[in-house]
Amino acid sequence: MTARTPGRTPTLEDVARVAGVSRATVSRVVNGIRNVDRDIQEAVRRAIEKTGYTPNRVARSLVTRRTGAVALVVSGAGGDVFGDPFFGRVVSGVVDCLRRYGTHPLLMLADDAAARDDVVSHLRQGGTDGALLVTTHPDDRLPAMLAVAGLPAVVFARTTQPLSYVDMQHAAGGELAAWHLLDRDRARLATISGPPDVPASQERLAGFRRIAGDDVPNVAGNFTMVSGEEAMTALLAAHPDIDGVFVANDLMAQGALGVLRSTGRTVPGDVAVVGFDDSSAALAARPKLTTVRQPVEEMGAAMAELLLAHVAEPGLPPTSRIFEPSLVIRDST
């Protein structure tokens with residue numbers, strides 16, 4: 001049952017009455033102003049749902065000079081954005097968070113220089129209130145373009161630009177994988193890393209080798225299933241006696257498992273395999289994949305919260321949120 005009166009449009013006063021707060025407090029919550037206690041915010045949101053109140057977005061925009069939308073920009077991924085479960089998890093975390101604040105994401109793909117210019121132009125013209133940037137290349141110039149333009153933006157992955165970002169302890173994840181394989185009495189270890197020019201790849205490999213040894217064989221892939229197949233084939237050709245492999249993401253690990261099966265090796269009997277991400281690929285793999293969990297949904301939500309804070313208070317200095325990995329043990333080790 002709702003508190004809606006038939007034939008009448010619910011108002012801020014109706015929401016305030018149901019929530020037991022002032023009209024001004026309701027207005028602050030509806031307009032995304034962040035200096036409101038979380039419990040009060042939740043009470044207002046419940047009252048909005050109960051009354052059926054719908055904010056007048058045009059009026060709100062005139063008052064706040066905000067659009068109620070943010071750009072979710074994926075830069076440099078090409079068509080891979082629709083095939084990699086990583087991006088879907090980022091979107092899920094972002095959308096779930098923004099929904100709580102009545103804010104909507106606008107997906108923008110920035111695959112080349114012209115598209116990156118379009119992103120900056122769109123933001124300059126007030127098309128959205130800020131940008132959540134997921135970039136796949138360390139030399140991507142879009143973070144610098146956003147910083148120079150003084151536009152509100154948050155980056156997924158550590159950046160040298162004066163922008164807020166979220167990231168995780170990738171090296172610690174590599175260490176977890178190494179310790180787990182050693183605990184499984186695996187003595188002849190190898191690894192399949194991501195691209196050498198991606199900082200997260202470098203950190204995962206460095207963390208693994210810190211525990212397993214600097215001489216552990218490695219072949220680099222590019223985070224796709226096919227590259228995992230190719231890397232596993234190369235490793236077996238050079239080191240046919242390996243009994244444990246750390247793979248820098250679950251898609252590549254899925255490809256590696258297929259090669260191990262095709263060469264007559266059992267998993268985990270002959271070779272134990274640890275992936276990275278804890279994505280849907282880990283559950284789709286056969287056997288199901290032991291993997292280092294990257295809390296991507298939580299990281300996406302943290303990005304959105306950081307951006308909304310910058311939109312509400314433009315003078316806030318850049319900040320960061322760093323997440324810890326954990327190990328999810330399944331059937332491949």
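In what follows, every heavy atom counts, from backbone to side chain, and hydrogens, waters and symmetry copies are set aside. Count residues from 1 along the sequence.
For the pair M145/V119, no side-chain contact is recorded, criterion being any heavy-atom separation below 4.5 Å from C-beta on. Looking only at side-chain heavy atoms (C-beta outward), R89 and D277 come within less than 4.5 Å of each other. Between R261 and V267 the shortest side-chain heavy-atom distance does not fall below 4.5 Å. A heavy-atom distance below 4.5 Å is not found between the side chains of R188 and P240. Considering only heavy atoms from C-beta on, Q169 stays 4.5 Å or farther from E175 through its side chain. Counting only heavy atoms from C-beta outward, the side chains of L307 and P152 approach each other to under 4.5 Å.
Here the closest non-hydrogen pair linking A284 and R286 is O-NH1, 3.4 Å. Between T159 and L163 the shortest heavy-atom distance is CG2-O, 3.9 Å. Contact detail for P195 and N222: the closest heavy-atom pair is CG-CA, 3.8 Å. The heavy-atom pair separating T51 from D14 by the smallest distance is CG2-O, 4.1 Å. Between L98 and H104, the shortest heavy-atom distance links the atoms CD1-C, 4.3 Å. Nearest heavy atom pair, residue P268 against residue D331, reads CD-O, 3.3 Å.
V166 is connected to L72 through a chain of hydrophobic side-chain contacts under 4.5 Å among Ile, Leu, Val, Met, Phe, Trp and Tyr, so both are in one cluster. With hydrophobic clusters built from ILVMFWY side chains whose heavy atoms lie under 4.5 angstrom apart, I192 shares a cluster with V271. Under the 4.5 Å side-chain heavy-atom criterion for ILVMFWY residues, a single connected hydrophobic cluster contains both V154 and F87. Cluster annotation: V94 is not connected to V73 through the hydrophobic network of ILVMFWY side chains, with a link wherever side-chain heavy atoms come within less than 4.5 Å. Under the 4.5 Å side-chain heavy-atom criterion for ILVMFWY residues, no single connected hydrophobic cluster contains both L235 and V274.
The line from CD of Q161 to CG of L142 is 10.0 Å long, rounded to the nearest 0.5 Å. A distance of 8.0 Å separates CD in Q254 from OG in S280, rounded to the nearest 0.5 Å. Taken to the nearest 0.5 Å, the CE atom of M252 stands 11.5 Å off from the CE atom of M225. To the nearest 0.5 angstrom, L283 atom CG is 8.5 Å from D250 atom CG. We find the CG-CG distance between L205 and D214 to be 9.5 Å, quoted to the nearest 0.5 Å. For the atom pair OG (S279) and CG (L251), the distance works out to 5.5 Å, reported to the nearest 0.5 Å.
Put simply, the side chain of S92 never gets that close to the backbone of E297: no donor and acceptor are under 3.5 Å apart. With hydrogens and angles ignored, the 3.5 Å screen pairs no side-chain donor or acceptor of Q294 with any backbone N or O of P325. Side-chain atoms of S227 never come within 3.5 Å of backbone atoms of G221 as a donor-acceptor pair (strictly under, hydrogens ignored). For the pair N249 (side chain) and F223 (backbone), a donor-acceptor distance under 3.5 Å is present. Panel note: side chain R321, backbone A302; no donor-acceptor pair is recorded below 3.5 Å. In this structure, the side chain of T233 engages the main chain of E229 through a donor-acceptor pair within 3.5 Å. Side-chain N or O atoms of R209 include one that pairs as donor or acceptor with a backbone N or O of V216 at under 3.5 Å.
Screening T291, T290, D278 against R330 for a side-chain hydrogen bond (donor to acceptor under 3.5 Å, both in side chains) leaves a single residue, D278.
The pair R184-D243 does not count as a salt bridge, with every side-chain nitrogen at least 4.0 angstrom from each carboxylate oxygen. A salt bridge does not link R124 to D117: none of the charged side-chain nitrogens sits closer than 4.0 Å to a carboxylate oxygen.
Considering only residues two or more places apart in sequence or on other chains, D197 meets the salt bridge (charged side-chain N to carboxylate O under 4.0 Å, His left out) condition with none of them. Partners of D118 under the side chain to side chain contact (heavy atoms under 4.5 Å, CB included) rule, at least two apart in sequence or in another chain, do not exist in this structure. Residues satisfying the side chain to side chain contact (heavy atoms under 4.5 Å, CB included) test with D183, not counting sequence neighbours, are none. R23 meets the side-chain hydrogen bond (donor to acceptor under 3.5 Å, both in side chains) test with E13; sequence neighbours excluded. Under the ring pair (Phe, Tyr, Trp, His ring centres under 6.0 Å) criterion, F208 pairs with F246, not counting sequence neighbours. Every residue two or more places apart in sequence or in another chain that forms a side chain to side chain contact (heavy atoms under 4.5 Å, CB included) with A16 is listed here: V26.
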Quiz prompt | Evaluation steps, side-chain contact (heavy atoms from CB on, under 4.5 Å), between V90 and M299 | solution = CA-CA 7 Å; V90 174; M299 294 167 75; over 6 Å; no

Practice problem: Start with the C-alpha distance between H122 and L106, add both sets of side-chain angles, then the distance that settles side-chain contact (heavy atoms from CB on, under 4.5 Å), and finish with yes or no. | Solution: CA-CA 11 Å; H122 178 82; L106 171 67; 3.6 Å; yes

Practice problem: Mind running side-chain contact (heavy atoms from CB on, under 4.5 Å) on L327 and W179 for me, showing each step along the way? | Solution: CA-CA 10 Å; L327 187 69; W179 282 120; over 6 Å; no

Quiz item: Should V328 and L289 be marked as a side-chain contact (heavy atoms from CB on, under 4.5 Å) after you check the CA-CA gap, both sets of side-chain angles, and the distance that decides it?
Solution: CA-CA 8 Å; V328 181; L289 191 64; over 6 Å; no

Exercise. Take E298 and R293, measure what salt bridge (Lys or Arg N to Asp or Glu O under 4.0 Å) needs, and give me the verdict at the end.
Key: CA-CA 12 Å; E298 293 93 328; R293 175 169 173 76; 3.6 Å; yes

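Annotation: R210, atom CZ; neighbour count of heavy atoms from other residues, nucleotides and ligands within 6.0 Å is above 12. More than 12 heavy atoms of other residues, nucleotides or ligands sit less than 6.0 Å from atom CZ of R45.
In summary, the side chains of H310 and S164 do present a donor paired with an acceptor at a separation below 3.5 Å, with no hydrogens or angles considered. S75 and R116 share a side-chain donor-acceptor pair at under 3.5 Å.
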